[in-house]
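Working notes for the structure below.
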2 protein chains.
Amino acid sequence: MLLSKSCIYGLRASILLAKDESNGFITIRDLSDELNISFHFLTKVLQKLTRSEILESFKGPNGGVKLAKPAEQVTFKEIVISIDGRFYKVDCPLGLPACGELAPCPLHDQWEELNNRIQNMIGSVTLAELSDRQKRGKPNLQFSAQTGS
Amino acid sequence: MLLSKSCIYGLRASILLAKDESNGFITIRDLSDELNISFHFLTKVLQKLTRSEILESFKGPNGGVKLAKPAEQVTFKEIVISIDGRFYKVDCPLGLPACGELAPCPLHDQWEELNNRIQNMIGSVTLAELSDRQKRGKPNLQFSAQTGS
DNA sequence: GTATATTAAGACAAAATACTCTTAAATCAT
DNA sequence: ATGATTTAAGAGTATTTTGTCTTAATATAC
């Protein structure tokens, strides 16, 4: 597992929001229905994004959530950090906190380059790109109705 | 978290075993002391490696565990698979089981190349290389006595 | 203002992961 | 044989993650 389920749910919901050109409020119920995941659990996840000011929420009829800024300005990484509460970065594949230049773990060098590329990818990919890609290709965000892996 | 703690413990212990040129049995107590982790927990982890025939164990006085084959023939990946019980591979960063050529998730293409590189790295790095690198550089396998990260 | 729709928040339950403890089995030394 | 040493196995506990349920707060519509 690369990301927690919370993160994945948050990312998927955010992509759906980015897909909505109108940028009006969309209810969490609609999102959870479309993604086929628990409404209450998704609510909790999206609350984090709202508190981080990645989303904007509105209560009551016609309420819901929407992106607080243009999809071009929201990165994959921002969302993960907001939800998991930590920098999405594996410093050392062996989990050694002191691993670094001075005392590298045996995998340090090999890992570093890969890690940089991962960081670069998630730091530069925006919701705009993700939703765009999804709009063009065959949509695939639902967890259900799987054809198998 | 890239790997579970069980995996990390198993990898660290295996690297210590690979470092031992004599290839005699080393007690799990010695390993857990050196790695500064729970003896009983490490025992469970190493039992998996023994069942997978990556380690060989021997009970009683002068017993312990040792590598069942040359360190050159044990890969990082083998150990992870033995302990986590699944292929260490993130098919889709958004966790979509059906993600693939036919219905790619929005990150599919970007992820694929990175994933291949990760797979390549963990599939080709052997315990011999890991222990060697550790012997030459400044050793760093203990979780305790951290200088902070 | 009353009812309805919707997010916010918190308590609670379930499942997965991490860790501890006890007992059994095997081996060795005497 | 007996006792000591060591892994094997399984029960039990703790913590984290995931998921559910209930109530509160806020906004709309009538």
Side-chain angles (χ1 to χ4, degrees), chain A residues 1-14 17 24-68 80 82-86 88 95 143-144, chain B residues 1-14 17 24-68 80 82-86 88 95 143-144:
Chain A
M1 184 67 78
L2 189 67
L3 298 172
S4 69
K5 289 212 174 180
S6 294
C7 264
I8 288 174
Y9 293 167
L11 281 164
R12 291 188 200 166
S14 299
L17 291 173
F25 288 107
I26 296 183
T27 68
I28 300 176
R29 177 68 66 183
D30 282 352
L31 294 172
S32 68
D33 282 353
E34 184 148 354
L35 295 173
N36 208 43
I37 59 184
S38 151
F39 164 72
H40 287 290
F41 193 63
L42 184 59
T43 293
K44 288 224 173 306
V45 172
L46 297 189
Q47 275 168 21
K48 289 188 184 178
L49 293 178
T50 300
R51 278 193 289 262
S52 306
E53 296 183 343
I54 291 169
L55 299 186
E56 195 177 321
S57 71
F58 199 78
K59 293 176 184 175
N62 307 320
V65 293
K66 66 174 181 179
L67 294 182
V80 174
S82 166
I83 294 172
D84 270 1
R86 63 195 153 97
Y88 173 63
F143 200 75
S144 63
Chain B
M1 186 66 79
L2 190 67
L3 299 172
S4 69
K5 289 212 174 179
S6 294
C7 263
I8 288 175
Y9 294 167
L11 281 164
R12 290 188 200 168
S14 299
L17 289 174
F25 289 107
I26 296 183
T27 68
I28 299 177
R29 177 68 68 184
D30 282 352
L31 294 172
S32 68
D33 282 353
E34 184 148 353
L35 295 172
N36 208 42
I37 59 186
S38 153
F39 163 73
H40 287 290
F41 193 63
L42 183 60
T43 293
K44 288 229 172 302
V45 172
L46 297 189
Q47 275 168 20
K48 290 188 183 178
L49 294 178
T50 301
R51 279 193 289 264
S52 306
E53 297 183 344
I54 291 168
L55 300 186
E56 194 178 322
S57 72
F58 199 77
K59 294 176 183 174
N62 306 320
V65 293
K66 67 176 180 179
L67 295 182
V80 174
S82 166
I83 294 171
D84 269 0
R86 61 192 156 101
Y88 173 64
F143 200 76
S144 64

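Each chain gets a letter, A, B and so on, in the order the sequences are listed, and its residues count up from 1. What you are looking at is a predicted structure, and each value in this text was computed from that prediction instead of being measured.
Put simply, CG on Leu42(A) is 14 Å from C1' on dT20(D), counting in whole angstrom units. Atom C1' of nucleotide dA9(C) and atom NZ of Lys48(A) are separated by 13 Å, given to the nearest angstrom. The nearest whole Å value for the distance from the CZ atom in Phe25(B) to the P atom in dA8(D) is 10 Å. Distance NZ (Lys5(A)) to P (dT17(C)): 10 Å, rounded to an integer number of Å. Straight-line distance from the CG atom of Asp84(A) to the P atom of dT16(D): 14 Å, rounded to whole Å. Separating the CZ atom of Arg29(B) from the P atom of dA4(D) is a distance of 17 Å, rounded to the nearest angstrom. Atom-to-atom, CD of Glu53(B) to C1' of dT7(D) comes out at 17 Å; the value is rounded to the nearest Å. Rounded to a whole Å, the NZ atom of Lys44(A) is 14 Å from the P atom of dT22(D).
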Under 4.0 Å protein heavy-atom contact, by nucleotide of nucleotides 22-30 of chain C - B base, S sugar-phosphate only: B--BBBSS-
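Side-chain atoms of Lys48(B) come within 3.5 Å of backbone atoms of Ile83(B) as a donor-acceptor pair (strictly under, hydrogens ignored).
The side-chain heavy atoms of Glu56(B) and Phe25(B), taken from C-beta on, include a pair separated by under 4.5 Å. In this structure the side chain of Ser38(A) never reaches within 4.5 angstrom of the side chain of Tyr9(A), judged on heavy atoms. Counting only heavy atoms from C-beta outward, the side chains of Phe41(A) and Ser6(A) approach each other to under 4.5 Å.
Taking only side-chain atoms of Ser57(A), from C-beta outward, the nucleotide of dT6(D), dA8(C), dG19(D) with the closest atom is dA8(C). Of all nucleotides listed (dT18(D), dA8(D), dA9(C)), dT18(D) comes nearest to the side chain of Phe41(A). Side-chain proximity of Arg51(A) to dC19(C), dA9(C), dT7(D): nearest is dA9(C). Picking from dT20(C), dA18(C), dT6(D) the nucleotide with the shortest atom distance to the side chain of Ser38(B) gives dT20(C).
Atom CG of Asp84(A) sits about 7.0 Å away from atom CG of Leu3(A), to the nearest 0.5 Å.
Between Ser6(A) and the phosphate of dT18(D), there is a side-chain N or O to OP1/OP2 separation shorter than 4.0 Å. Look at Tyr9(B) and you won't find any side-chain N or O under 4.0 angstrom from OP1 or OP2 of dA18(C).
In this structure, Leu46(A) reaches neither bases nor backbone, as no heavy-atom distance under 4.0 Å exists between it and the strands shown.
Taking Phe39(A) as the reference, nothing meets the ring-ring contact (aromatic ring centres under 6.0 Å, His included) condition, with sequence neighbours excluded.
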How far apart are the C-alpha atoms of Val65(A) and Leu31(A), what are their side-chain angles, what is the distance that settles it, and do they pass the side-chain contact (heavy atoms from CB on, under 4.5 Å) test? CA-CA 10 Å; Val65(A) 293; Leu31(A) 294 172; 3.8 Å; yes
